[in-house]
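All heavy atoms count here, side chains included; hydrogens, waters and symmetry mates do not. Sequence positions, counted from 1, serve as the residue numbers for this chain.
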Amino acid sequence: MVARDRRAVCLHLVVARLSNDLTRELRDRVRGAAEAGTPLRLQGNGTKSFLGRASVGETLCLSAHTGILSYQPKELVITARAGTPLREIEDALAEQGQMLPFEPPHFADAATGSDATIGGTIACGLSGPARPYAGAARDLVLGIRVLTGRAEELRFGGEVMKNVAGYDLARVMTGAFGTLGILLDISIKVLPVSATTRTLTYDSSAAEAIERMNRLAAAPLPVSATCFDGERLWIRLSGNQGGVAAAAERIGGERVDASLANRFWADQLREQRHPFFTGEQPVWRLSVPQTTPPLSLLGDQLIEWGGAQRWLRSPADAAIIRCEAGAVGGHAALFRGGDRQSDVFHPLPTALLALHRRLKRAFDPQGILNPGRLYRGL
């Protein structure tokens, strides 16, 4: 009964490492939708369905398009179909002592047992605590195969960095929420897992934490994550044993037990199970210059990425939050909760919005792929 319920909401159970190519079926479905002008709501396992504006259209399930197509540990690249579970990819990398450097969040649904897919992860462009130090998701996507709203299969990039030339459309597709095309296959750069990791904490105010984060960023230290949780500043060091030990001695702080540290970075912060993210108030994601002083906004704030990413849990009006972020050269997006029928992402300048519209018309002239998921009219 549980399995039938999951199928009803397009949450597919996939046997580990099962390879299943649905390119033809997806192409036929998109062609038919384009001819009929029927909007399609793209969905993998639904773990990111809370992001962006509310989706509309007939559901097109992508989670059965699965399989790791190529993994070359010596070349530091893995290629997989978009419906492949993220956990399956991470397990395959772990067997070779490697990892996805941008530490993508899963936001897995414990109630249904569904996990994130690599396609949904890249389509949403989300990165975890290591993003400022190892690169963002779009920095590590080497190539993609995509199905456009014209039902055309296009390939951009490849499996090595030198194949990325001209317009890097693989990066454009990363974070586009499926509005420009359906991701079919994705090639991603991977890296070895660090030999040693150590976490240090300091009692701190928000202003002191931001100042220390930026001071550490300017020094030749193996910092791999930073976070101010409202009371303490957390610093993670990653690298070889000697380098990490020397850096820890240099910067001081209280050493955190490894299991507690792993739980903080992976579970509480990356997967947003920290008490900060709970409650009824909307959660906002603010991107600001990393040296920006603490923002004067109603609600609680959590600061990471060396000061560049600020999480805000607040009942304040959206216009006030966006005005405050814009005043310091940043932007604000509604991440969890709140009104998803209205604007979720920071309004775009007129010229940039026009560019987005031209891209949408080029790849999806009938406007059938996740219409309005990012902005109204796109």
Side-chain angles (χ1 to χ4, degrees), residues 1-34 40-49 55 57-73 77-96 100 104 106-109 112-124 137 141-159 170 173-174 176-178 180-188 190 368-370:
M1 182 64 184
V2 173
R4 287 196 293 272
D5 290 341
R6 289 178 187 169
R7 284 195 293 270
V9 294
C10 303
L11 299 177
H12 298 271
L13 290 175
V14 181
V15 178
R17 310 214 179 182
L18 175 67
S19 182
N20 191 25
D21 185 359
L22 295 185
T23 300
R24 179 178 297 179
E25 291 88 340
L26 294 173
R27 184 176 60 240
D28 291 345
R29 180 73 182 277
V30 170
R31 181 180 293 115
L40 296 174
R41 175 177 175 266
L42 310 182
Q43 181 173 301
N45 278 338
T47 60
K48 311 292 190 299
S49 59
S55 300
E58 293 183 1
T59 300
L60 178 58
C61 298
L62 308 172
S63 58
H65 181 68
T66 61
I68 295 176
L69 300 177
S70 173
Y71 175 30
Q72 305 173 57
V77 60
I78 190 168
T79 301
R81 294 193 178 104
T84 308
L86 184 57
R87 185 72 61 191
E88 180 180 328
I89 291 174
E90 290 179 335
D91 288 346
L93 295 176
E95 290 177 5
Q96 300 296 323
L100 294 172
H106 291 233
F107 299 138
D109 189 336
T112 63
S114 64
D115 191 21
T117 63
I118 190 62
T121 297
I122 298 303
C124 294
V141 173
L142 302 177
I144 60 169
R145 185 170 65 96
V146 64
L147 183 65
T148 72
R150 301 174 185 267
E152 298 173 326
E153 291 177 51
L154 301 177
R155 191 181 296 273
F156 304 108
E159 292 189 335
M173 295 288 176
T174 304
F177 280 75
L180 299 179
I182 298 172
L183 299 178
L184 296 174
D185 309 337
I186 306 163
S187 296
I188 302 176
V190 303
I368 62 169
L369 301 179
N370 272 357

* Asked: Are the side chains of Thr84 and Arg81 in touch, meaning some heavy atoms are under 4.5 Å apart?
  -> yes
* For Thr79 and Ser187, does a side-chain donor sit closer than 3.5 Å to a side-chain acceptor? -> yes
* Under the side chain to side chain donor-acceptor pair (under 3.5 Å) test, residues paired with Arg145 that sit two or more places apart -> Thr23, Glu153, Asp185
* Side chains of Leu184 and Leu26 in contact at under 4.5 Å (non-hydrogen atoms) -> yes
* Asked: Under 3.5 Å, is there a donor-acceptor pair between the Glu25 and His65 side chains?
  -> no
* From CD1 (Ile78) to OG (Ser70), nearest 0.5 Å -> 8.0 Å
* Leu42, Leu147, Leu183, Thr117 screened by side-chain contact (heavy atoms from CB on, under 4.5 Å) with Leu62, the one that passes -> Leu42
* Tell me, please, which residues at least two apart from Phe177 pass ring-ring contact (aromatic ring centres under 6.0 Å, His included). => Phe345
* To do: Return the minimal non-hydrogen interatomic distance between Ala137 and Ile122, and the atom names on each side.
  => CB-CD1, 4.4 Å
* Would you sort out whether Asp91 and Glu88 count as a side chain to side chain contact (heavy atoms under 4.5 Å, CB included), showing the intermediate values? => CA-CA 5 Å; Asp91 288 346; Glu88 180 180 328; 5.7 Å; no
* Asked: Distance from Ile118 atom CD1 to Ile89 atom CD1, nearest 0.5 Å?
  -> 4.0 Å
* Structure fact -> When every non-hydrogen atom of Asn45 is compared with those of Ser63, the smallest separation belongs to OD1-CB, 3.4 Å
* State, with a plain yes or no, whether a side-chain heavy atom of Tyr71 is found less than 4.5 Å away from one of Val77. => no
* How far apart are the closest heavy atoms of Gly178 and Ala123, and which atoms are they? -> N-CB, 4.3 Å
* To do: Sequence neighbours left out, what passes side chain to side chain donor-acceptor pair (under 3.5 Å) with Arg155? Give chain and number order.
  => none
* Structure fact -> What one should report as the nearest heavy-atom pair of Ile186 and Gly119 is CD1-CA, 3.8 Å
* Asked: Considering all heavy atoms of both residues, which atom of Ala92 and which atom of Ile68 are nearest to each other, and what is their separation?
  -> CB-CD1, 3.9 Å
* To do: Supply the atom-to-atom distance Phe156 CZ to Ile144 CD1, rounded to the nearest 0.5 angstrom.
  => 6.0 Å
* Pairing of Arg29 and Glu58 as salt bridge, 4.0 angstrom limit -> yes
* **Expected output: side-chain Asn20 to main-chain Ala64 donor-acceptor under 3.5 Å** => yes
* Side-chain touch Thr148/Leu154, heavy atoms, less than 4.5 angstrom -> yes
* What are the two closest heavy atoms between Ile182 and Val30, and how far apart are they? -> CD1-CG2, 3.6 Å
* To do: Ignoring hydrogens and angles, state whether a donor on the side chain of Arg41 or Thr59 is under 3.5 Å from an acceptor on the partner side chain.
  => yes
* Worked verdict on Arg27 versus Glu152 for side chain to side chain contact (heavy atoms under 4.5 Å, CB included) -> CA-CA 8 Å; Arg27 184 176 60 240; Glu152 298 173 326; over 6 Å; no
* **Side-chain heavy-atom pair Leu100, Leu93 within 4.5 angstrom cut-off** => yes
* Structure fact -> In this structure, OG1 of Thr121 is separated from CG of Leu86 (nearest 0.5 Å) by 4.5 Å
* Asked: Is the backbone of Ala116 close enough, under 3.5 Å, to the side chain of Lys48 for a donor and an acceptor to pair up by distance?
  -> no
